[in-house]
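In what follows, chains are A, B, ... by sequence order, proteins preceding strands, each numbered from 1.
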Amino acid sequence: MEKYPFCEIEKKWQAYWEENSTFSVTEDPSVPKERRRYVLDMFPYPSAAGLHVGHPEGYTATDIYCRYMRMNGYHVLHPMGFDSFGLPAETYAIETGTHPKETTEQNINRFRQQIKSLGFSYDWNREVSTHTARYYRWTQWIFLKLYERGLAYQAEVPVWFCEALGTVLANEEVVATPEGLRSERGNHPVERKPLTQWMLKITQYADRLLEGLDTLAWPESIKTMQRNWIGKSTGANVVFKLAGGEGTIEVYTTRPDTLFGATYMVLAPEHRLVDKITTKDKRREVEEYVQTAGQKSDLERTDLAKEKTGVFTGAYAVNPVNGEKIPVWISDYILISYGTGAIMAVPGHDERDFEFAKKYDLPIIQVVSRDGTLHRLDEAYVEYGVAVNSGQFDGLATEEFKEKIITWLAERNAGEPAVNYKLRDWIFSRQRYWGEPIPLVHCRKCGIVPIPYEKLPLTLPEVESYKPTGTGESPLAAIEEWVNTECPRCGGPAKRETNTMPQWAGSCWYYLRFLDPQNKNELASREATDYWMPVDLYVGGAEHAVLHLLYARFWHKVLYDIGLVNTDEPFLRLINQGMILGEGGVKMSKSLGNVINPDEVVAEYGADSMRLYEMFLGPLEVSKPWSTQGISGVQRFLDRVYRLSGRRISDTAPDAAILRLLHKTIKKVSEDTGGIEFNTAIAQMMIYINELYKLDELPRSAWDPFVRLLAPYAPHLAEELWQQLGNNGSIADAGWPEYDETLTVEDRVTVVIQINGKVRSRMEIDAGTGREEVEKLAFEAPRVSELTAGKEIRKIIIVPDKLVNIVTA
RNA sequence: GCGAGAGUGGUGAAAUUGGCAGACACGCCAGACUUAGGAUCUGGUGCCUCACGGCGUAAGGGUUCAAGUCCCUUCUCUCGCACCA
């Protein structure tokens, strides 16, 4: 028996959808807001490898959802595009001299064709690619807005520099690996280097980025990750005077209530006071330590397992609460980039300080107690409790003490409340060719001058070589005629900024360009934005939890502040699809040779089988292994459906059992499709087909609704069957079938009879039978009377239409 | 170490409010049809037992008439963070 002719069917309907622009949408004002949906996929980076099977997973899910919503009368925006700036094309250009634009566009064409081969219902009229000048014109435009609002600035910062890539990386692009810190892309070693970079002041939005999370229907895990990444903490800055000299050391602490337990202080080796306060006799030792710390990689410095090190500076500070003189140390366990770069050490109540104090034999004082009594501290007690050894504050609960001491310090100008974030400003410049040029010029007279908005886009020049200069400058720096320009303000000689933007820039706002992709005057009209935004459903991989999703939220909030968008948050609901693993549950990778190529799957099994299979594997959100045997199972199902369509269609009504199953099926498939639980919806369709398969002829009223249910899942086959049924036009325009609740319930039910919680018998009775009747019938059932004979019956529990539990003594 | 999530047949997985554990599918077994079968159709398939029956949702305990589901303890795995004071 040969397979159904999926190849012809799929080609035919893909051509039909294309010719008829079946899925293009416009901003029709007659459609009320609540009948509109914006469903978005994370657009792909068009790599040379082509689509992998992970892409179609999320794309199929949104496609099914969109088709379902359309059939239910919704107006759905479902666009696709390409995140087409990026390093691989540039690396390839360095190796071969091929222009990145050329490879990128080849890859885009391949991706588009692959995506189309799966029959997704995108509105292709809205396709955008971030590397095109008509797109990045607006990326640059947004950058200038950020600059105008003081959210983009230059700073010399220690940044991650990657020798192999010849560029600076963002914190988020550096990952810890067993071999040390490496670039996320390419796994190359990275090092810390101070360089002048463009920074975006995302920290200014830290609170709003944090608060906004509460309003979003996102996975808790992603929200938690973002919260942790932002890392807000509240406490106090406390000022310690230096003993015997002028000057102060300011520290940040979340536990000002432990101030009486501060027995020493620690500065980061890079702290500006280190040089000033170090005494003569300690200078040599301190300088040596500072230098070693500076040479250490950050991995070494942040390795938790390593023993803490430090040296005494010879200086002392005065504890403002009790006038105690305490020594000032330096150690690389204190980070210059967090808080004030200095701490008061409370070894009794901080694990790190405890470890350090033990090693260097510094005093440990207990100032917090669980119950108000003193005991020996074998480890730091970090919990909240009651103050002890704290002078007039003894007996206060931690929470209350914190408030009191902050006020006390503030009255004496020795401290104030403080808030800190782990989030750092976003290092935004890249020393690369294949990215958006930063639209600024450096004028000797006027300083940094933005290129006027109407002069955008500032396009990428052609270059001889794509290699980074290695000096920390981008390949653009080598193009004299491009770099040397006029100052837009004074007309004098000026030089262009040669840094480009990171790949994240284009993806920060692409969902807005889809709303109005041809607009020449604005990035998107306010009308189009108001019509569609916010995104109702956003589906993509969890790897973007804190990068893309945080950056995009940041830009969106800025655009909101400018008045360009109508909402404070861009993505209302987010779903992360799980990874598709190789057979056996291991990661798919080239080195393991277990990569499944979607083209081959489509060629062998068809797009509908591929779509259905990926959805049938399991819940969308979880990772699940690919199984080549498994796909033949869903193909068999589609085959059966197709063969079934060859049977005679009758106009007689289906029998009661089929009718009931039909309505149950419509109900289950409707609820599960709306709830993005596609695996169980497919299982229900299989159950239905298994039953229909037993019939010699198909009642039209049992078959027609099924074809509609199938349409979101296997759209090509459904179109074909729809046409066979004598319909003109696309099934996409057909309505979704409705079910009658009363027809979904069984009139006879099987009730199990338990004795002491164990199933001993069962009986078939009318649904809705009353309790007394059920009880009576239960005792008439076989084995029940013999098993209960001579026993005291303590209790009878009846769950209507489900179960009877007879409890005996 | 901290945070989040997950552990159910040989495999992928199902299972409203606690109410027949294993739907659906893969695989396997048997049969039918066939020159043939990696096609198709029908039936079977958690484990132990000839059977009656017993045992089963990572392990142990608890609540309950009743626990995959609720509570406690432990273990394992995945993901994220990694001295953030």
Aromatic ring pairing A:Tyr333/A:Phe356, orientation class (parallel under 30°, perpendicular over 60°, tilted between): tilted
Complement of B:U35, any strand, by Watson-Crick or G-U distances under 3.5 angstrom: none
Span that lies between the C1' atom of B:A39 and that of B:U34, in whole angstrom: 10 Å
Sugar-phosphate only, base, or nothing, as touched by A:Ser623 at under 4.0 Å among non-hydrogen atoms: sugar-phosphate
Exam field: side chain A:Asp353 to backbone A:Val346, donor-acceptor pair closer than 3.5 Å: yes
Sugar-phosphate, base or nothing in reach of A:Gly231, heavy atoms under 4.0 Å: nothing
Integer-rounded Å distance: B:C24 P and A:Arg640 CZ: 12 Å
Aromatic plane relationship, A:Tyr713 with A:Phe678 - under 30° parallel, 30 to 60° tilted, over 60° perpendicular: perpendicular
First of A:Val807 and A:Arg255 reached from the 5' end of RNA chain B, by closest nucleotide: A:Val807
Identity of whatever pairs with B:G60 - Watson-Crick or G-U, under 3.5 angstrom: B:C72
Euclidean distance, A:Met686 CE relative to A:Arg640 CZ, rounded to 0.5 Å: 9.5 Å
Inter-nucleotide P distance (B:A85, B:G9), Å rounded: 42 Å
Distance-only donor-acceptor test (3.5 Å): side chain A:Arg794, base B:C65: no
Spacing of the C1' atoms in B:G46 and B:U11 (rounded, Å): 13 Å
Any A:Arg636 side-chain N or O less than 4.0 Å from OP1/OP2 of B:C26: yes
Polar side-chain atom of A:Lys624 near backbone of A:Leu620 as donor-acceptor pair, under 3.5 Å: yes
P atoms of B:U57 and B:A67, separation to the nearest Å: 11 Å
Whole-Å gap separating P (B:A21) and CZ (A:Arg762): 8 Å
Identity of whatever pairs with B:C52 - Watson-Crick or G-U, under 3.5 angstrom: none
Which nucleotide in B:G3, B:G12, B:A23 has an atom nearest any side-chain atom of A:Pro625: B:G12
Plane angle bin for A:Phe6 and A:Tyr4 - parallel if under 30°, tilted between 30 and 60°, otherwise perpendicular: perpendicular
A:Ile334 CD1 to B:A82 P, straight-line distance once rounded to whole Å: 17 Å
Pairing partner of B:A30 (Watson-Crick or G-U wobble, both distances under 3.5 Å): B:U42
Base-pairing assignment for B:A14 (Watson-Crick or G-U wobble, both under 3.5 Å): none
Sugar-phosphate only, base, or nothing, as touched by A:Asn690 at under 4.0 Å among non-hydrogen atoms: sugar-phosphate
Closest nucleotide among B:G3, B:C41, B:C81 to the A:Arg643 side chain: B:C41
Pairwise P distance for B:C47 and B:G1, with rounding to whole Å: 39 Å
Length of the NZ-C1' vector between A:Lys308 and B:G1, whole Å: 11 Å
Test log, rule side-chain contact (heavy atoms from CB on, under 4.5 Å), inputs A:Thr234 and A:Thr254: CA-CA 6 Å; A:Thr234 55; A:Thr254 56; over 6 Å; no
Integer angstrom distance from the C1' of B:G37 to that of B:G18: 49 Å
Sugar-phosphate, base or nothing in reach of A:Leu617, heavy atoms under 4.0 Å: sugar-phosphate
Separation of A:Phe637 CZ from A:Phe616 CZ (nearest 0.5 Å): 9.0 Å
G-U wobble or Watson-Crick pairing nucleotide for B:C65 (cut-off 3.5 Å, both distances): B:G19
From B:A25, B:A85, B:C81, nucleotide with atom closest to A:Ser233 side chain: B:A85
A:Arg611 and A:Glu614: CA distance, side-chain angles, deciding distance, salt bridge (charged side-chain N to carboxylate O under 4.0 Å, His left out) verdict: CA-CA 6 Å; A:Arg611 294 167 56 108; A:Glu614 290 208 355; over 6 Å; no
Separation of the C1' atoms in B:G68 and B:U8, to the nearest angstrom: 7 Å
Sugar-phosphate, base or nothing in reach of A:Tyr693, heavy atoms under 4.0 Å: sugar-phosphate
Euclidean distance, atom CD1 of residue A:Ile631 to atom P of B:C24 [Å, nearest integer]: 21 Å
Any A:Asn679 side-chain N or O less than 4.0 Å from OP1/OP2 of B:A14: yes
Contact under 4.0 Å: A:Tyr333 side-chain N or O vs B:A85 OP1/OP2: no
Below 4.0 Å: OP1/OP2 of B:G80 and any side-chain N or O of A:Ser221: no
For atom CZ of A:Arg760 and atom P of B:A66, their distance in whole Å: 14 Å
Parallel, tilted or perpendicular: rings of A:Trp329 and A:Tyr360 (30°, 60°): tilted
Between B:C20 (P) and A:Glu764 (CD): distance, integer Å: 17 Å
Candidate nucleotides B:A85, B:C65, B:G3, ranked by approach to the side chain of A:Asn805 - the nearest: B:C65
B:A14 to B:C24 separation - P atoms, rounded to the nearest Å: 14 Å
Listed nucleotide nearest any side-chain atom of A:Thr224, set B:A85, B:G3, B:C24: B:G3
Watson-Crick or G-U wobble partner of B:G9, both distances under 3.5 Å: none
Residue-phosphate contact under 4.0 Å: A:Lys802 side-chain N/O, B:G19 OP1/OP2: no
Pairing partner of B:G3 (Watson-Crick or G-U wobble, both distances under 3.5 Å): B:C79
Sugar-phosphate only, base, or nothing, as touched by A:Ser627 at under 4.0 Å among non-hydrogen atoms: nothing
Touch class at under 4.0 angstrom, heavy-atom based, for A:Gln684 against every strand present: nothing
Short side-chain N/O contact from A:Lys758 to OP1 or OP2 of B:G56, under 4.0 Å: no
Touch class at under 4.0 angstrom, heavy-atom based, for A:Leu803 against every strand present: base
Proximity to the side chain of A:Asp350 - top-ranked nucleotide from B:A85, B:C41, B:G12: B:A85
Between B:C83 (P) and A:Lys358 (NZ): distance, integer Å: 24 Å
Sugar-phosphate, base or nothing in reach of A:Pro619, heavy atoms under 4.0 Å: sugar-phosphate
First of A:Val622 and A:Ser632 reached from the 5' end of RNA chain B, by closest nucleotide: A:Val622
Listed nucleotide nearest any side-chain atom of A:Ile797, set B:A85, B:C65, B:C81: B:C65
Syn/anti state of B:G46 by chi, 90° boundary around 0: anti
